[in-house]
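Worksheet: one structure, shown below.
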Amino acid sequence: MASVMPLALLLLVLLVTQTNGSRRVLLPSTDDDSGGGSPSSNACPSILSGHNKGNKLPVIHRLSPCSPLGGGIPKHGKAALHEILDHDGLRMRYIYEIQASGVAAAAPAPSAMPPSGVSIPATQNVISSLPGVFSYTVLAGYGTPAQQLPLYFDVSGMSNLRCKPCFSSGSGAGAAQCDRAFDPSVSSSFRTVPCESPDCRETSCSSGSSCTFTFYNSTFVFGHGTVVTDTLTLSPSATFEDFSVGCMQLDNMFSDGAAAGNIDLSRSRHSLTTRVLLSSPPGTAAFSYCLPADTDTHGFLSIAPALADYSGNAGVKYVPLVTNPRGPNFYFVDLVAIAINGTDLPVPSATFRGNGTMIDSQSAFTYLNPPIYTALRDEFRRAMEKYQLVPAFSDLDTCYNFTGFNYIELPDITLKFGNGETMELDDRQFMYFFREHLDDGFPFGCLAFAATQDPSFAWNLLGSQVQRTKEIVYDVHGSKVAFVPSRCGLR
């Protein structure tokens with residue numbers, strides 16, 4: 001199957017110029033790792049130490065040489081295209097289950113969030129199904145004293161941790177994963193949430209017991225968890241007492257079984273976002289992040305950044321957030337059109353708005369409802385007629401063999417939003433470059449968009465690739481999200 005060309009190298013050798021409404025991209029001639037963006041050996045210790053510069057946490061891809069999931073052992077991993085697509089499939093299945101369980105009948109279309117911003121869904125939203133495969137980790141502390149743990153971050157509706165004692169085989173991978181788990185017995189601030197607590201709304205909970213829930217997917221039950229509270233420590237100056245998590249005694253808690261859990265950044269009542277919103281002064285965003293461009297670079301997750309830090313930044317795009325009753329914990333934006341080379345696709349804005357467009361940091365590619373994707377694909381292919389179209393790579397059906405070209409010309413793609421704001425994508429956001437045969441050096445590229453395959457899947461998803469090169473700032477108080485041009489490295 002396909003091997004992935006190092007994106008950091010590609011970015012170093014790409015030369016982009018404008019040519020009659022399109023961009024000219026110089027293709028690389030080799031697949032050499034020299035000059036890549038790998039973190040230096042000196043950088044890894046500081047990344048693995050956890051917090052950095054106040055409330056800004058390093059964000060690492062799970063395959064990074066600096067990933068805490070590998071104990072800091074350099075492995076220089078590269079995700080193959082088939083693996084990325086498999087992970088996206090798991091993610092899409094999870095989100096579909098959320099859609100299906102949200103509202104049985106037809107739900108109202110997404111609507112504007114209140115100007116005051118803080119809109120907390122009324123449900124408890126304890127996570128009950130596996131959220132697919134995560135890609136990005138941070139290090140955070142839980143308990144007193146703080147136990148440093150590698151955690152994914154997501155908008156799943158509840159933070160979860162693997163807790164000791166684990167149900168493991170006692171050796172091999174299971175034992176190693178249990179070593180990377182929270183130990184309640186050594187924390188002086190650990191508490192279980194009682195069944196009678198307003199924080200417990202599980203129907204199976206009986207009076208006088210702890211708040212328990214079941215962890216499952218559509219195929220089988222993985223196990224049970226207990227809602228607990230303890231102190232979350234992001235940095236010496238950023239701690240959150242009585243922070244709720246689902247305490248799970250599982251080896252296979254996540255699909256790859258690697259991290260110790262996840263931090264929830266959704267709009268649910270238990271999330272870190274809600275805690276930040278209720279404790280931060282006006283003029284503070286809930287959080288922001290820059291996603292790593294590939295496995296060899298790192299980004300950051302910033303908790304409660306000051307909005308004033310972005311006011312003088314040229315090129316900031318502010319886009320309204322909207323609420324979606326079928327996904328009340330997720331973040332949706334008001335996408336109303338997509339243009340190629342300045343011309344809007346022949347799709348009514350109501351088609352975009354009818355179901356909503358979710359910002360998703362876990363799916364790699366961007367997934368659009370079939371009518372929207374078909375219009376985008378057809379127009380993109382017309383603009384790329386001079387290049388050889390090749391068979392689809394699974395869901396990516398608009399791919400090209402660029403053999404024999406020193407450079408290619410790509411059309412401009414622009415996202416348009418309900419408030420009149422536009423965001424032009426660069427080639428790193430809408431094209432996925434790789435090499436099918438390393439020895440032969442054939443450069444391939446695919447449009448990094450796909451159609452949602454299940455006709456009942458309602459939402460559009462803006463995946464992680466389309467977010468790269470931007471800092472994404474979630475100003476939930478102000479009911480908007482900002483896309484900020486950034487190098488996306490630790491600053």
Item checked: L301/L265 under side chain to side chain contact (heavy atoms under 4.5 Å, CB included): CA gap, chis, key distance, verdict -> CA-CA 11 Å; L301 170 66; L265 294 171; 3.9 Å; yes
Item checked: Whether F483 and F417 hold their rings parallel, tilted or perpendicular, with breakpoints at 30° and 60° -> parallel
Notebook entry, point to check: Which pair of heavy atoms, one from F332 and one from G356, lies closest together, and at what distance?
Noted result: CD2-C, 4.0 Å
Next item on the list: Under the ring-ring contact (aromatic ring centres under 6.0 Å, His included) rule, what do Y474 and Y331 come out as? Steps first, then yes or no, please.
Entry: CA-CA 9 Å; Y474 290 78; Y331 297 96; 4.9 Å; yes
Next item on the list: Heavy atoms only: give me the nearest N262-M158 pair and the separation to one decimal.
Entry: ND2-O, 3.2 Å
Note to self: Please find the pair of heavy atoms, one from S363 and one from L461, that lie closest to each other, and give the distance.
What the structure shows: OG-CD2, 4.0 Å
Notebook entry, point to check: Any side-chain heavy atom of T274 sitting closer than 4.5 Å to one from S268?
Noted result: no
Check: Does one side chain, of T231 or E241, offer a donor that lies under 3.5 Å from an acceptor on the other?
Finding: no
Margin query: Whether the S187 and D230 side chains hold a donor-acceptor pair (N or O, under 3.5 Å, no angle test) is what I'd like checked.
Written below: yes
Note to self: Tell me if a side-chain donor or acceptor on S280 pairs with a main-chain N or O of V276 at a distance below 3.5 Å.
What the structure shows: yes
Next item on the list: Determine whether K480 and V333 make a side-chain contact, defined as any pair of heavy atoms from C-beta on separated by less than 4.5 Å.
Entry: no
Next item on the list: State the CZ-OG distance between R275 and S159, to the nearest 0.5 angstrom.
Entry: 10.5 Å
Margin query: Would you say Q362 and Y152 are linked by a side-chain donor-acceptor pair, where the criterion is simply a distance under 3.5 Å?
Written below: no
Next item on the list: Flag the pair V155 / N329 as yes when at least one side-chain heavy-atom distance between them is below 4.5 Å, and no otherwise.
Entry: no
Item checked: Gap separating the CG atom of L272 from the CG atom of L234, nearest 0.5 angstrom -> 6.0 Å
Note to self: Treating N369 as the side-chain partner and P371 as the backbone partner, does any N or O pair qualify as donor plus acceptor under 3.5 Å?
What the structure shows: no
Notebook entry, point to check: Looking only at atom types and distance, does a side-chain atom of Q465 sit under 3.5 Å from a main-chain N or O of A448, one as donor and one as acceptor?
Noted result: no
Next item on the list: Answer with yes or no whether the side chains of Q467 and Y289 bring together a donor and an acceptor at under 3.5 Å.
Entry: yes
Check: Is there a side-chain contact between T452 and L368, using heavy atoms and a 4.5 Å cut-off?
Finding: no
Next item on the list: Supply the atom-to-atom distance I359 CD1 to S464 OG, rounded to the nearest 0.5 angstrom.
Entry: 12.5 Å
Notebook entry, point to check: If you look only at pairs with a residue in residues 355-373, which of them pass as a salt bridge (Lys or Arg N to Asp or Glu O under 4.0 Å), with sequence neighbours excluded?
Noted result: R91-D360
Next item on the list: Could you give me the CA-CA distance, side-chain angles and deciding distance for D475 and V481, then say whether side chain to side chain contact (heavy atoms under 4.5 Å, CB included) is met?
Entry: CA-CA 6 Å; D475 177 12; V481 63; over 6 Å; no
Check: Does a side-chain heavy-atom distance below 4.5 Å link L151 with F153?
Finding: no
Next item on the list: State, yes or no, whether a side-chain contact exists between I95 and W459 at a heavy-atom distance under 4.5 Å.
Entry: yes
Item checked: Heavy-atom side-chain contact between Q147 and D183 under 4.5 Å -> yes
Check: From T233 OG1 over to Q148 CD, what is the distance, rounded to the nearest 0.5 angstrom?
Finding: 8.0 Å
Next item on the list: Over all heavy atoms of both residues, which pair between V138 and P58 is shortest? Give the atoms and the distance, please.
Entry: CG1-O, 3.4 Å
Note to self: Please find the pair of heavy atoms, one from F243 and one from H270, that lie closest to each other, and give the distance.
What the structure shows: CE1-O, 3.8 Å
Notebook entry, point to check: Yes or no on side-chain hydrogen bond (donor to acceptor under 3.5 Å, both in side chains) for Y373 and D397, after CA distance, side-chain angles and deciding distance?
Noted result: CA-CA 11 Å; Y373 175 71; D397 67 359; 2.3 Å; yes
Margin query: Quick check against the 3.5 Å criterion: does S244 have a side-chain atom that pairs as donor or acceptor with the backbone of T229?
Written below: no
Margin query: Whether the side chain of T374 engages the backbone of P370 through a donor-acceptor N/O pair (distance < 3.5 Å, no angle test) should be reported.
Written below: yes
Next item on the list: Show your working on side chain to side chain contact (heavy atoms under 4.5 Å, CB included) between F190 and V228 and close with a plain yes or no.
Entry: CA-CA 7 Å; F190 176 83; V228 305; 3.6 Å; yes
Margin query: Taking V473's backbone N and O only, do any of them form a donor-acceptor pair with S288's side chain (distance below 3.5 Å, no angle check)?
Written below: no
Margin query: Between L161 and Y142, does the side chain to side chain contact (heavy atoms under 4.5 Å, CB included) criterion hold? Intermediate values first, please.
Written below: CA-CA 10 Å; L161 290 178; Y142 198 64; 3.3 Å; yes
Check: Roughly how far, to the nearest 0.5 Å, is OG of S189 from CG of D242?
Finding: 8.0 Å
Next item on the list: Kindly say whether P328 contributes a backbone atom to a donor-acceptor pair with the side chain of R267 at under 3.5 angstrom?
Entry: yes
Note to self: By the definition side chain to side chain contact (heavy atoms under 4.5 Å, CB included), identify the one residue from I338, L335, T422, D334 that meets it with K416.
What the structure shows: T422
Notebook entry, point to check: Is the distance between the ring centroids of F365 and Y432 under 6.0 Å?
Noted result: yes
Notebook entry, point to check: SG of C247 to SG of C163, below 2.5 Å?
Noted result: yes
Checklist line | Audit row: E83, R62, salt bridge (charged side-chain N to carboxylate O under 4.0 Å, His left out) steps and yes/no | finding: CA-CA 13 Å; E83 179 188 358; R62 61 188 175 83; 2.7 Å; yes
Notebook entry, point to check: So do N160 and V245 actually touch side chain to side chain, heavy atoms under 4.5 Å?
Noted result: no
Item checked: Inter-residue atom distance D264.CG - D154.CG, 0.5 Å rounding -> 7.5 Å
Item checked: Pair Y367, D88: side-chain N/O donor-acceptor within cut-off below 3.5 Å -> yes
Check: What are the two closest non-hydrogen atoms of A259 and P150, and how far apart are they?
Finding: CB-O, 3.5 Å
